[in-house]
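As the structure is a prediction and not an experimental result, all values here were calculated from the model.
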Amino acid sequence: QAQFVESGGGEVEPGGSLRLSCAASGFSIDLYSLGWFRHTGGREREGVSCISHVDDDTYYADSVKGRFTISRDNAQNTVYLQMNNLKPEDTGVYYCGAEDLVTEEAMCVRAGGKDYWGKGILVTVSS
């Protein structure tokens, strides 16, 4: 059964860091663009950061530019999100997703309709 499993969430103080991981099983990520998405403050799911399967080009939402870094390790079948200088408004449930035949920007701008989704992991930024 194909699935994504997120890990690395938790609670951190403002200014702190977390590294999210999303391990895939049952399918190979190297054929897919990958992304991280989140639900925050009752808002609709939004694309945070995405990475292309073709050339590893990346896309970041304006709210996280300069603070978050997405990366992928096809050999480990895993995608990562390094989150630095976290802010209270980053609090939410983070999901990883995979979609084929799409650019990194399109992957993030359209936050639904992915081929695979993780179940989500909670990130809390609070003092």
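We find that R67 and D90 are joined by a salt bridge, their nearest charged nitrogen and carboxylate oxygen being less than 4.0 Å apart.
Distance alone, capped at 3.5 Å, is enough to place a donor-acceptor pair between the E6 side chain and the K119 backbone. The backbone N or O of M107 sits nowhere less than 3.5 Å from a side-chain atom of S33 that would complete a donor-acceptor pair. Put simply, the side chain of H39 gets close to the backbone of R45: a donor and an acceptor are under 3.5 Å apart. The backbone N or O of V125 sits less than 3.5 Å from a side-chain atom of T91, completing a donor-acceptor pair. Judged purely by atom type and a 3.5 angstrom limit, Y60 uses its side chain to pair as donor or acceptor with the backbone of I70. One N or O on the side chain of R72 and one on the backbone of I29 form a donor-acceptor pair closer than 3.5 Å.
In this structure, S126 OG and E11 CD are separated by 5.5 Å, a value rounded to the nearest 0.5 Å. With rounding to the nearest 0.5 angstrom, the CG atom of L122 is 13.0 Å from the CZ atom of R38. Note that CG of N77 is 8.0 Å distant from OG of S25, once rounded to the nearest 0.5 Å. Summarising the geometry, atom SG belonging to C22 is positioned 8.0 Å from atom CG belonging to L34; distances are rounded to the nearest 0.5 Å. In this structure, CG on D55 lies 9.0 Å from NE2 on H53, to the nearest 0.5 angstrom.
Closest approach of S127 and P14 over heavy atoms only: N-CD, 3.7 Å. Between S49 and L81 the shortest heavy-atom distance is CB-CD1, 4.1 Å. Across A111 and G47, no two heavy atoms sit closer than the pair CB-N, 4.3 Å.
Between Y95 and F4, the ring center distance fails the sub-6.0 Å criterion. Not less than 6.0 angstrom separates the ring centroid of F68 from the ring centroid of W36.
T78 and D73 share no side-chain donor-acceptor pair at under 3.5 Å.
Screening V48, T103, V109, I51 for a side-chain contact (heavy atoms from CB on, under 4.5 Å) involving Y59 leaves a single residue, V109.
Within 6.0 Å of CD on E46 lie more than 12 heavy atoms contributed by other residues, nucleotides or ligands.
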